[in-house]
Amino acid sequence: MVWLKSLSFMPDVANSRSLTRNKHELFDHVLAAILKSGKEGVFQTEICREFSLDSRDGSRLAGNLEKQSLISREKVLHKGRWTYKLIVKRSPMVDGHKKRVVQITSVEGAPCFSCSYQHSCSSEDEMTQYSPSRCSWIEEWVIASFDKTVANEGGKRLNGDLEISPSG
């Protein structure tokens, strides 16, 4: 394929045998090679050959890229053998510009992040003792957060009822 010849301009990718076998580095280099192939895609067997991967490691790596929705894999017959064609689904460089800043103020201090029973907690079975709907720590946190919000907005609680001060 034409794109493999163009890899000679990318010395790190073209000389894949000299790559450090750091998992993340390899992942990035393989993704860069697939991105370089463009809309045409590249055969998984060629990626394995280029990066000296056995078929199992190449399949796992391509599977991970597919799980992250970075590529799609299409099963094709190539040179008399079944392989996958790896095609770019979305580019992480383009998607990086679309990322929004996440505000965590609404969950600050939530007891779930340090809960000893987090591994057992499930909202699917509300009858279990480890359900968010029955958790007294969440209930206390929600009430405290509400009281804090009300105090910041100028309201006050009287006997469990909320009284909002008139603004103006």
Side-chain angles (χ1 to χ4, degrees), residues 1-135 137-138 141-142 145:
M1 294 183 110
V2 175
W3 73 271
L4 278 174
K5 292 176 186 166
S6 67
L7 286 178
S8 61
F9 297 112
M10 298 175 62
D12 289 340
V13 176
N15 190 7
S16 59
R17 291 184 189 355
S18 68
L19 289 175
T20 311
R21 284 304 194 182
N22 178 322
K23 183 177 172 181
H24 299 291
E25 245 181 71
L26 180 63
F27 184 90
D28 291 342
H29 285 291
V30 169
L31 182 58
I34 297 169
L35 286 169
K36 185 91 172 155
S37 71
K39 294 178 183 177
E40 298 173 22
V42 62
F43 295 109
Q44 185 171 308
T45 52
E46 291 178 2
I47 290 291
C48 290
R49 189 175 328 116
E50 184 67 25
F51 290 93
S52 303
L53 300 170
D54 62 24
S55 61
R56 184 172 63 174
D57 287 340
S59 181
R60 285 181 180 164
L61 194 126
N64 285 334
L65 288 168
E66 185 178 36
K67 283 180 188 175
Q68 294 180 28
S69 298
L70 297 172
I71 66 166
S72 62
R73 294 194 298 175
E74 296 176 5
K75 192 171 184 175
V76 293
L77 190 62
H78 176 66
K79 294 183 181 179
R81 302 189 131 220
W82 286 105
T83 186
Y84 287 97
K85 192 169 194 178
L86 309 177
I87 302 168
V88 176
K89 203 171 187 180
R90 65 183 176 106
S91 170
M93 286 69 123
V94 173
D95 290 345
H97 297 290
K98 295 179 184 176
K99 289 185 180 176
R100 291 179 277 153
V101 177
V102 177
Q103 299 294 327
I104 63 166
T105 54
S106 63
V107 293
E108 283 179 346
C112 303
F113 299 118
S114 61
C115 182
S116 304
Y117 304 105
Q118 183 181 34
H119 65 282
S120 303
C121 191
S122 172
S123 60
E124 292 176 10
D125 182 12
E126 293 186 7
M127 297 310 295
T128 181
Q129 66 183 31
Y130 303 116
S131 170
S133 63
R134 300 182 72 194
C135 180
W137 294 317
I138 291 177
W141 171 70
V142 168
S145 296

If you look at every heavy atom in [X] and [Y], which pair is closest and at what distance?
X: Gly38; Y: Val88; result: O-CG2, 4.3 Å
X: Trp137; Y: Cys115; result: CZ3-SG, 3.9 Å
X: Gln44; Y: Ala62; result: OE1-CB, 3.5 Å
X: Ser122; Y: Pro132; result: O-CD, 3.5 Å
X: Asp57; Y: Asp54; result: N-OD1, 2.7 Å
X: Cys48; Y: Gly58; result: SG-CA, 3.6 Å

Would you indicate whether the side-chain heavy atoms of [Y] and [X] approach each other to under 4.5 Å?
X: Leu31; Y: Asp28; value: no
X: Phe51; Y: Val30; value: yes
X: Lys75; Y: Trp82; value: yes
X: Leu26; Y: Leu53; value: yes
X: Leu86; Y: Leu65; value: no
X: Lys39; Y: Ile87; value: no
X: Lys85; Y: Val76; value: yes
X: Phe27; Y: Gln68; value: yes

Separation of [Y] [atom2] from [X] [atom1] (nearest 0.5 Å):
X: Arg134; Y: Ser123; atom1: CZ; atom2: OG; value: 14.0 Å
X: Ser69; Y: Lys89; atom1: OG; atom2: NZ; value: 4.5 Å
X: Ile47; Y: Tyr84; atom1: CD1; atom2: OH; value: 16.0 Å
X: Phe43; Y: Arg81; atom1: CZ; atom2: CZ; value: 14.0 Å
X: Asn64; Y: Ser59; atom1: CG; atom2: OG; value: 9.5 Å
X: His29; Y: Lys36; atom1: NE2; atom2: NZ; value: 14.0 Å

Q: Run the salt-bridge test on Glu66 and Arg73 with the 4.0 Å N-O cut-off and return the result as yes or no.
A: yes

